[in-house]
2 protein chains.
Amino acid sequence: MVMKSEIQVFREYIRGRHLRRTPEREQILQEILEIQGHFDVDELHLRLRDKGSKVSKASIYRALPLFIDCGLVREVDFSDGHWHYEHIYGHAHHCHLRCLGCGEVLEFQEPELGRLEAHLAREYGYRIKGHQLQVQGLCATCQEAE
Amino acid sequence: MVMKSEIQVFREYIRGRHLRRTPEREQILQEILEIQGHFDVDELHLRLRDKGSKVSKASIYRALPLFIDCGLVREVDFSDGHWHYEHIYGHAHHCHLRCLGCGEVLEFQEPELGRLEAHLAREYGYRIKGHQLQVQGLCATCQEAE
DNA sequence: GTGCTATTGAGAATCAATTACAATAATACC
DNA sequence: GGTATTATTGTAATTGATTCTCAATAGCAC
């Protein structure tokens, strides 16, 4: 299966909606693609700053919903008072296991959830759009430190 | 199995930590117990107002972590910019299916998740403390309205 | 009762996220 | 290519949820 590149997906999305392709948006997307794992707006903004980009936080906040809407990025909830994000296009759907002590985040697959979605659709007449599963606990190191 | 009443649980928690039993806290807890389903701080505050209580929002914000800490209440994430809560003591653990159109929230059980927790504990050496699973979709009515 | 200190309400402060606005720049059309 | 249209930008102000400060109050231990 050949996949379109993320930039390609974004450009088609932009064109299809009579939005505009701007260097700011593409810089932001480029940076997101280079980040391993999760990020928040502050981190993203700092990384762009460090590379000499002058993109404002407002533009980041304005761009993220676009990336989410075209399926490149999703919001991740770590229950710490602000949003985190990760790029998902081309990545297998996964869930997060987070250590309450040190904040480490592991990713894991849970294939059962596909079956669950199908079951919920049948049972309640819903068209399922997505799900998030977060698990919290203490990693081995933080258990000892207790 | 006989369970302690929620008020009892809370009073013991308070006593055990040299905190103080106040009418404000007990009014808030009482009100939470009467709410069917989920609530947020604003709703809770309004309901208390309507009953003639003068409890401030600040006190509600200060009381909620106590209820959560003693296992009576938990946070629920609807990804809409602020926290929701529900009382859980004596209720079976459940997950939420939310309609993105009208906001309807259904609850369902997912017994597989217990097995998943055990698996994660074994696989990664974690001591699991909890999990949340949210599913989003469109209910039958909102599918038609599209 | 008395003293210690946790708790309260009111309002100020904080912080992430959104918005207003004037300037800029991407696209469509000639 | 030039021009008009209007989406997008950065800045700064604003919002809205939550937390904090502070002086007054009121539980609880003795």
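In what follows, chains are A, B, ... by sequence order, proteins preceding strands, each numbered from 1.
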Short side-chain N/O contact from B/Arg20 to OP1 or OP2 of C/dT5, under 4.0 Å: no
Looking at B/Thr22, I'd like to know whether one of its side-chain N or O atoms comes within less than 4.0 Å of OP1 or OP2 on C/dT8. yes
Which word best sums up how the rings of B/His91 and B/His87 line up, parallel for under 30°, tilted for 30 to 60°, or perpendicular for over 60°? perpendicular
Using 30° and 60° as the class boundaries, would you call the ring planes of A/Phe78 and A/His38 parallel, tilted or perpendicular? perpendicular
Assess whether a salt bridge exists between A/Glu34 and A/Lys51, defined as any Lys/Arg side-chain N lying under 4.0 Å from an Asp/Glu carboxylate O. yes
Note: B/Glu112-B/Arg115 ion pair, threshold 4.0 Å (strictly below):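 Salt bridge: yes.
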Which listed nucleotide (C/dA17, C/dG9, C/dA6) is nearest to the side chain of B/Leu19?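 Selected nucleotide (nearest to the side chain): C/dA6.
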Please pick, from D/dG10, C/dA17, D/dA17, the nucleotide with the shortest atom-to-atom distance to any side-chain atom of B/Tyr61.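 Of the candidates, D/dA17 comes closest.
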Rounded distance (Å) that lies between atom [atom2] of [N] and atom [atom1] of [X]:
X	N	atom1	atom2	value
B/Ile14	C/dT7	CD1	C1'	10 Å
B/Arg62	C/dT7	CZ	C1'	7 Å
B/Arg11	D/dC28	CZ	P	10 Å
A/Ile68	C/dA17	CD1	P	11 Å
B/Leu64	D/dT19	CG	C1'	13 Å
B/Glu24	C/dA10	CD	P	11 Å
B/Arg49	C/dG9	CZ	P	9 Å
A/Tyr85	C/dA16	OH	P	12 Å

Within the structure shown, what part of the strands sits under 4.0 Å from B/Arg25 by heavy-atom distance: base, sugar-phosphate, or nothing?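 Answer is sugar-phosphate: B/Arg25 comes under 4.0 Å of backbone atoms only.
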So B/Lys57, base contact, sugar-phosphate only, or nothing? Heavy-atom distance under 4.0 Å. nothing
B/Gln143 side chain to B/Leu138 backbone, donor-acceptor under 3.5 Å: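 Answer holds: yes.
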Position toward the 5' end of DNA chain C (nearest nucleotide), B/Ser56 or B/His18: B/His18
Map A/Leu66 and B/Trp83 onto DNA chain D by nearest heavy atom, then report which one ends up closer to the 5' terminus.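 Mapping each residue to its closest nucleotide by heavy atoms, the 5'-most match is A/Leu66.
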